[in-house]
Amino acid sequence: VATATPTPAPTAAAHVPTVSAGLANLVNRYGYDPTGRFIVVDQDLQQMIIAEQGTIRLFPVSTGDPEKRTRTPAWNGYVGAYWGTFSSFGVFADEGWFLFRSNGSILIHGAPYVRDRDGNKVYQQIESIGTYPASRGCIRLKPEDSAWFSAWKPEGVPVIILPFGGGGLQL
């Protein structure tokens, strides 16, 4: 007697986050296309929203401390040149992308690190990413997220950095 070949049960479609009306309105107010590629950094939520063709990805970040002289200013413009690995304040960071100058250069980059005696990267304040502001003004990403960001080729993409105290975006 032949046995029927089982057919797989249908699976639910994975939920893909999309650009909400509120996010689209915000991006539109800055003069950017909410249906295209854009980046919004929400300092209240310590989160970066990356949008492309109506879908979004959320990344935890750490911005500058608003209580210190290392705050990340509110800003809008475009992602600039790729800096790659650079050093500043005695640490290194990978996947640096220039944004603008304000008491130094403001970039989006991977978590800062030093090297141990064996040459291994020892990340500094990585626990801050997605939790609290700890940078000197830059926007820090986790190493794996900064690698994804660079592969996404963000140069020329519009960026909006929201100020602290804005209440956070409602996605």
Side-chain angles (χ1 to χ4, degrees), residues 7-66 71-84 93-102 105-112 123 125-171:
T7 56
T11 57
H15 173 70
V16 176
T18 57
V19 174
S20 67
L23 181 57
N25 288 336
L26 172 81
V27 171
N28 206 28
R29 279 198 313 268
Y30 281 88
Y32 303 128
D33 179 2
T35 65
R37 290 171 44 140
F38 64 83
I39 300 164
V40 175
V41 177
D42 187 328
Q43 294 193 74
D44 287 341
L45 298 177
Q46 293 293 286
Q47 184 174 74
M48 184 164 75
I49 301 156
I50 295 180
E52 182 166 24
Q53 298 177 339
T55 63
I56 62 171
R57 290 180 68 121
L58 305 175
F59 292 94
V61 298
S62 183
T63 60
D65 191 335
R71 69 181 181 81
T72 302
W75 178 82
N76 70 286
Y78 297 89
V79 177
Y82 179 66
W83 282 25
D94 296 330
E95 307 294 348
W97 289 89
F98 180 78
L99 295 178
F100 61 99
R101 292 194 55 77
S102 175
S105 296
I106 305 295
L107 294 91
I108 296 173
H109 62 76
Y123 290 99
Q125 296 178 308
I126 198 157
E127 76 285 350
S128 70
I129 296 174
T131 309
Y132 61 90
S135 82
R136 293 183 179 263
C138 288
I139 298 159
R140 295 178 181 172
L141 290 163
K142 292 179 180 177
E144 61 273 17
D145 293 342
S146 67
W148 181 93
F149 186 70
S150 286
W152 188 63
K153 301 195 182 319
E155 188 168 358
V157 172
V159 181
I160 300 166
I161 300 174
L162 299 174
F164 270 101
L169 282 171
Q170 300 300 314
L171 301 176

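These numbers were taken from a predicted model, which means no experiment stands behind them. Numbers here simply count residues along the sequence, with the first being 1.
- By the 4.5 Å heavy-atom criterion applied to side chains, Val157 and Ile50 are not counted as neighbours.
- Within the 4.5 Å cutoff, no side-chain heavy atoms of Val27 are placed close to those of Val19.
- Aromatic ring centres of Tyr32 and Tyr78: separated by under 6.0 Å.
- A cation-pi contact links Arg57 to Trp148, judged by a cut-off of 6.0 Å to the six-membered ring centre and 45° from its axis.
- Using a 4.5 Å cut-off on side-chain heavy atoms (C-beta onward), Pro143 and Tyr123 make contact.
- The two residues Thr63 and Gln46 make their nearest non-hydrogen contact at OG1-NE2, 2.8 Å.
- Annotation: salt bridge (Lys or Arg N to Asp or Glu O under 4.0 Å) contacts involving residues 36-47, sequence neighbours excluded, comprise Arg37-Glu52.
- Using cut-offs of 30° and 60° on the angle between ring planes, the pair Trp97 and Phe149 is perpendicular.
- Residues Met48 and Val41 form a side-chain contact, since some pair of their non-hydrogen atoms from C-beta on lies under 4.5 Å apart.
- The backbone N or O of Tyr132 lies less than 3.5 Å from a partner atom in the side chain of Ser62, making a donor-acceptor pair.
- What you find for Leu141 and Pro60 is that their closest heavy atoms are CD2-O, 3.8 Å.
- Val61 and Gln47 get closest at one heavy-atom pair: CG2-N, 3.5 Å.
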